[in-house]
Protein chains: 2
Amino acid sequence: MIFPSTVFLNGQFISKDRAYISPDDRGFYFADGVYEVIKYYFGKPFRMQEHLARLKNSLNGIRISYPKTEELTVVGERLIDINRLGDGHAGIYLQITRGAAPRTHSFPGGDTLPSVYGYAFKMPPFKTEQENGIRVISREDIRWHRCNIKSITLLPNTMLFQEACEQNAFETLLVRDGFYTEATHSNVLFVSRGVIFTHPDSNLILPGITKSVVFEIAGKLGIKVIQEAVLASETDHYEECFITGTGSEIIPVAQVDDKIIGNGKPGPVTKALQKEFLEITGKISS
Amino acid sequence: MIFPSTVFLNGQFISKDRAYISPDDRGFYFADGVYEVIKYYFGKPFRMQEHLARLKNSLNGIRISYPKTEELTVVGERLIDINRLGDGHAGIYLQITRGAAPRTHSFPGGDTLPSVYGYAFKMPPFKTEQENGIRVISREDIRWHRCNIKSITLLPNTMLFQEACEQNAFETLLVRDGFYTEATHSNVLFVSRGVIFTHPDSNLILPGITKSVVFEIAGKLGIKVIQEAVLASETDHYEECFITGTGSEIIPVAQVDDKIIGNGKPGPVTKALQKEFLEITGKISS
């Protein structure tokens, strides 16, 4: 990666040190925007169409009109290319807000154009964590009730993730009404007697793209998936637990708070899923 | 007001057209910030100490270290002065975010300084609405569970307020678990048989400063206040309803959805409170 990096802002590729946002941007005043993070394996995007489809859903969910999402494929490619990130694991961050307008809660007029910001970054895999498993903490899920929208209302996520960092944990599992929903920036899945359990898609969780890949792999391997939420009080009924996410890929959870999961080592279901996932992502660039 | 106006950004008073934010600002990525709006009556701030105290609580609530809140009194005064807004009703908007740092959910290091942005604007009273009352709609309260923190996670507020605008209503009352909490940018209070009822201060509502002034006035007038949440299903048990806020001051609610409140006209309790409120704010600048 070269510095200063080149970023994408409102139609232009510019040097990062020249990229500025108006304080009137509704992303700055109101968290009035959505985002996506796409992983590029050796220059090739993984599940780009799924990310763009989810971005469209998020935009629709908060009623931002931005018909040019397809063009973001080219933006991503070019950001990877310009910043010379095609030789390994990289990511593209894309954020679309409702644009800049004098501050008022109601949506601005139709002449206000959405702000589009994108940048590329190195995104090395979490090899040690994927091999050995991680420790996570659990906290009450205090987020809003439209977590299916990938919006930038992430203050609760940052606060809850920060608590994990301060306890040398890798993530924070979120618990709403006694049930695990997901984590601050990943989905969470449990395994009992060879069956995968996870919160069903609803307004309380993000429909994870890596999670959907796990479902595909499970189907192929004959592993049953039941989309039913897991009670935090029954954590010790499960032999395996893992988180999924664009950056995390598949990471085994060895411990939740003071509870060791299974024997504290990555279990057979998690390892089988990881192996297949590695094969799929390995094939992208070959 | 002169254009371009002069704003305050990170210690400097600058022309608005030179004010820019880094896209790395955590206010832009994560809604990682808090804000206040203070009203100035003919150049004099109303309840400045209460606003600063609430700002401190908000900063503490999300763990932003910014010890210089007291200096914001001077910032506000100067913004009013420079922009020649001392001759009527004006407002100061102040926003503090955790600052600009490469995007990662965890808090940045101690060398990252908070971003501070402030601007002044005309804030004329809602005279017609205060005299005649307003129509509001009600919607499910989908916000996060730390609404006592005045954070910039306002996407749900904007979405829910926009719905009111599209129905020519003035505000949207929020209903959580069947109870009115507050509105998208005001508190809501009801009156039954001369007694004021409103949601108690908790993590689900903002501790309103205008509401606290109403409590003071009620005490003076011998009007009882019971901090108990009102069931939306019992709206027609109440003869009066009104919203309070820095901008709204005290505005009678004549209709919620299709339900007329009382006889659809501002009631005696609301009018008595308005009269005293007007006297208090009238005295500030005299």
Enquirer: Can you confirm if the aromatic rings of B:His105 and B:Phe30 lie within a centre distance of less than 6.0 Å?
Expert: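 Judged by ring-centre distance (under 6.0 Å), B:Phe30 and B:His105 do meet the cut-off.
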Enquirer: Would you call B:Arg103 and B:Asp25 a salt bridge, using N to O less than 4.0 angstrom?
Expert: no
Enquirer: With a 4.5 angstrom heavy-atom cut-off, could you sort out which part of B:Asp24 is near chain A: side chain, backbone, both or neither?
Expert: side chain
Enquirer: Side chain, backbone, both or neither: which part of B:Arg176 has an atom under 4.5 Å from a heavy atom of chain A?
Expert: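 Just its side chain gets close to chain A.
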Enquirer: If the condition is ring pair (Phe, Tyr, Trp, His ring centres under 6.0 Å), which residues does A:Tyr93 pass it with, not counting sequence neighbours?
Expert: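 Only A:Tyr35, A:Tyr119, B:Tyr29 meet the ring pair (Phe, Tyr, Trp, His ring centres under 6.0 Å) criterion with A:Tyr93.
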Enquirer: Describe, in one word, how the ring planes of B:Phe170 and B:Phe126 are oriented to each other, choosing from parallel (under 30°), tilted (30 to 60°) and perpendicular (over 60°).
Expert: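 Geometry flag for B:Phe126 against B:Phe170: perpendicular rings.
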Enquirer: Tell me which of these, B:Lys16, B:Arg98, B:Gln95, has more heavy-atom pairs under 4.5 Å with chain A than the rest.
Expert: B:Gln95
Enquirer: Using a cut-off of under 4.5 Å for heavy-atom pairs, which of A:Met159, A:Arg146, A:His145, A:Glu140 has the most such pairs with chain B?
Expert: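 Ranked by heavy-atom pairs under 4.5 Å with chain B, first place is A:His145.
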Enquirer: So what's closer than 4.5 Å to chain A heavy atoms on B:Thr97: side chain, backbone, both or neither?
Expert: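 Just the side chain, heavy atoms under 4.5 Å.
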Enquirer: Ion pair present between B:Glu182 and B:Arg143, side-chain N to carboxylate O less than 4.0 angstrom?
Expert: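 Result for this pair is yes, salt bridge flagged.
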Enquirer: Counting heavy-atom pairs closer than 4.5 Å to chain A, which one of B:Ile21, B:Thr104, B:Asn203 comes out on top?
Expert: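 Most heavy-atom pairs under 4.5 Å with chain A: B:Ile21.
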Enquirer: Heavy atoms only, distances under 4.5 angstrom: which of B:Leu9, B:Leu154, B:Thr184, B:Asp141 has the most pairs with chain A? Name it, please.
Expert: B:Leu154
Enquirer: Picking from A:Ile62, A:Asn157, A:Leu160, A:Leu155, which has the most non-hydrogen pairs under 4.5 angstrom with chain B?
Expert: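 Top count of heavy-atom pairs under 4.5 Å with chain B: A:Leu155.
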Enquirer: Under 4.5 Å heavy-atom distance to chain A, tell me which part of B:Phe107 shows up: side chain, backbone, both or neither.
Expert: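 Looking at B:Phe107, backbone and side chain both touch chain A.
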Enquirer: Verify the distance criterion only: is there a donor paired with an acceptor across the side chains of B:Gln167 and B:Glu163 at less than 3.5 Å?
Expert: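 Note: B:Gln167 and B:Glu163 side chains miss the donor-acceptor criterion.
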Enquirer: Less than 4.5 Å to any heavy atom of chain A: does that hold for the side chain of B:Asp32, its backbone, both, or neither?
Expert: both
Enquirer: Count the heavy-atom pairs under 4.5 Å between each of B:Pro156, B:Ala164, B:Ser151 and chain A, then report the option with the highest count.
Expert: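 Maximum pair count with chain A is reached by B:Pro156.
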Enquirer: Thinking salt bridges, do A:Lys150 and A:Glu36 make one under a 4.0 Å N-O criterion?
Expert: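 Salt bridge between A:Lys150 and A:Glu36, a charged N being under 4.0 Å from a carboxylate O: no.
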Enquirer: Based on non-hydrogen pairs under 4.5 Å, which of A:Pro23, A:Pro102, A:Ser106 is most in contact with chain B?
Expert: A:Pro23
Enquirer: If you take all heavy atoms of B:Leu79 and B:Ala120, which pair is closest and at what distance?
Expert: O-CB, 3.9 Å
